There are 2 protein chains.
Amino acid sequence: MTFNYLSKHRSVLIYGASLAALLFLMKWLEWHFIIVNYAFELYAGFIAVIFTGLGIWLALKLSKPKTTIVTVEKELLISSDTFILNEAALTETGLSRRELEVLQLMAGGLSNQEIAEKLFVSLNTIKTHSSNVFEKLEVQRRTQAVEKAKRLSLIP
Amino acid sequence: MTFNYLSKHRSVLIYGASLAALLFLMKWLEWHFIIVNYAFELYAGFIAVIFTGLGIWLALKLSKPKTTIVTVEKELLISSDTFILNEAALTETGLSRRELEVLQLMAGGLSNQEIAEKLFVSLNTIKTHSSNVFEKLEVQRRTQAVEKAKRLSLIP
DNA sequence: TTCAAAATCACCCTAAAGTATGAGGGTTTA
DNA sequence: TAAACCCTCATACTTTAGGGTGATTTTGAA
């Protein structure tokens, strides 16, 4: 902002200085070569061209850039695969780390036996865990547990 | 494009005409009031100011608007709840209408007994259907069936 | 160090799920 | 009309899931 204002002022000053300088040049020429009379039109044309250029330069310098804002809407796919665990729901349900782990494998379609093998624990342990999961999620079956867990964003 | 070019041309023509007219005016003034000698600076200043203005006008007329492209990313939720059944996958798996129906209820977390009651058929019928579903989806358990069905967009 | 969860495992029992086979009745299609 | 599905149901059997109880060991925080 401040820079813009300064540059604006400088441009005007430079323009004024140029005008003054040219007039002095004219005066000087008038006294040294008496050609004012028979070449007035030439001088006028010369000044006209010069100051037209100056005007153009001034205008370009001072004019605010005409900005055409083109709004391009860009589609952003959300949610699709950006999974963020719902910490709030997790703490509210009171699911432990291990229980969440079992729940995830459950959602993957694994049987309790397969989960047990994957986690290197006994089948009974998984049964205990899954029972706890059902209780904490307030459901009766694993399919319901998976469905609810997905709704709560506990699993992708 | 063509309009722009024409307008450009017209501006240049107007500028040239103005210049010529001013020179003629000068000439006329020179002949009618012999004030050329003692007011040369005044004339020069006059011409300078006039053509500065002309230059500014020209520049503003000719300068192309600077186009700034602003990309605005607009979040668009897609898919989230716009479910479209994957007909291709449906025909490929060879699932019948009833089997798909059972699959949907299965995904809702219903037990076979509940599905049977909802569809007013016997538990055995649902067992048969679900067995067929598992076979056609090439899975062993209902949780796997639900998972695969969702992947194939057979169910929301 | 102590105490409370959390994790582990074992039994027992019931319920639900899944497999296999057969069979009757309905619709569609070559 | 026969073949090919589809829907229905039954019976019998096996497997898996789930509920209940109790116990031991780990672990993390006060």
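No experiment lies behind these values; they were computed from the predicted model shown. Sequence lines set the chain letters: A, B, ... in the order given, protein chains first and strands last, and positions in each chain run from 1. These numbers come from the heavy atoms of this one structure, side chains and all, not from hydrogens, waters or symmetry mates.
Every residue meeting the side chain to side chain donor-acceptor pair (under 3.5 Å) condition with B:Glu101, not counting sequence neighbours, appears here in chain and number order: B:Arg98. Scored by the side chain to side chain donor-acceptor pair (under 3.5 Å) test, A:Gln104 finds no partners at all (sequence neighbours excluded). For the side chain to side chain contact (heavy atoms under 4.5 Å, CB included) test, residues two or more places apart in sequence or in another chain that qualify with A:Ser122 are A:Asn124, A:Thr125.
Under a 3.5 Å cut-off, the side chain of B:Glu99 and the backbone N or O of B:Ser96 do form a donor-acceptor pair. Formation of a donor-acceptor pair under 3.5 Å by the A:Asn86 side chain with backbone atoms of A:Ser153 is not found in this model. No donor-acceptor pair under 3.5 Å is formed between the side chain of A:Glu147 and the backbone N or O of A:Thr143. The backbone N or O of B:Ser111 lies less than 3.5 Å from a partner atom in the side chain of B:Glu114, making a donor-acceptor pair. Distance alone, capped at 3.5 Å, is enough to place a donor-acceptor pair between the B:Lys148 side chain and the B:Leu137 backbone. Remark: the backbone N or O of B:Leu110 is not paired with any side-chain donor or acceptor of A:Arg141 at under 3.5 angstrom.
Atom-to-atom, CZ of B:Phe120 to P of D:dC9 comes out at 12 Å; the value is rounded to the nearest Å. Regarding A:Leu119, its CG atom lies at a distance of 14 Å from the C1' atom of C:dC9, rounded to whole Å. The interatomic distance linking A:Glu117 (CD) with C:dC9 (C1') rounds to 16 Å, in whole Å. Taking atom NZ on A:Lys136 and atom C1' on C:dA7, their separation rounds to 11 Å, with Å as the unit. If you take CG of A:Asn132 and C1' of D:dA17, they are 15 Å apart, rounded to a whole angstrom. Atoms CD (A:Glu135) and P (C:dA6) sit 12 Å apart, rounded to a whole Å. Between A:Ile115 atom CD1 and D:dT16 atom C1' there is a gap of 12 Å when expressed in whole angstrom units. The nearest whole Å value for the distance from the CD1 atom in A:Ile126 to the P atom in D:dG18 is 12 Å.
Interatomic distance, NZ of A:Lys136 versus CG of A:Leu154, reported as 12.0 Å (0.5 Å rounding).
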statement: Nucleotide by nucleotide, nucleotides 14-30 of chain C touches protein heavy atoms under 4.0 Å in the pattern (B base, S sugar-phosphate only, - none) ---BBB-----------

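For the segment residues 87-96 of chain B, no residue has any heavy atom less than 4.0 angstrom from an atom of DNA chain C.
Applying the 4.0 Å criterion to OP1 and OP2 of D:dT8, one finds that B:His129 has a side-chain N or O inside that range. Within the 4.0 Å cut-off from OP1 or OP2 of C:dT8, not a single side-chain nitrogen or oxygen of A:Ser122 is found.
Comparing C:dT8, D:dT11, C:dC9 by their nearest atom to the side chain of B:Asn124 picks out D:dT11.
The number of heavy atoms from other shown groups lying within 6.0 Å of CD (A:Glu92) does not exceed 12.
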Please tabulate, one pair per line, each protein N/O and nucleotide N/O from nucleotides 26-28 of chain D that are separated by under 3.5 Å, including the distance.
none

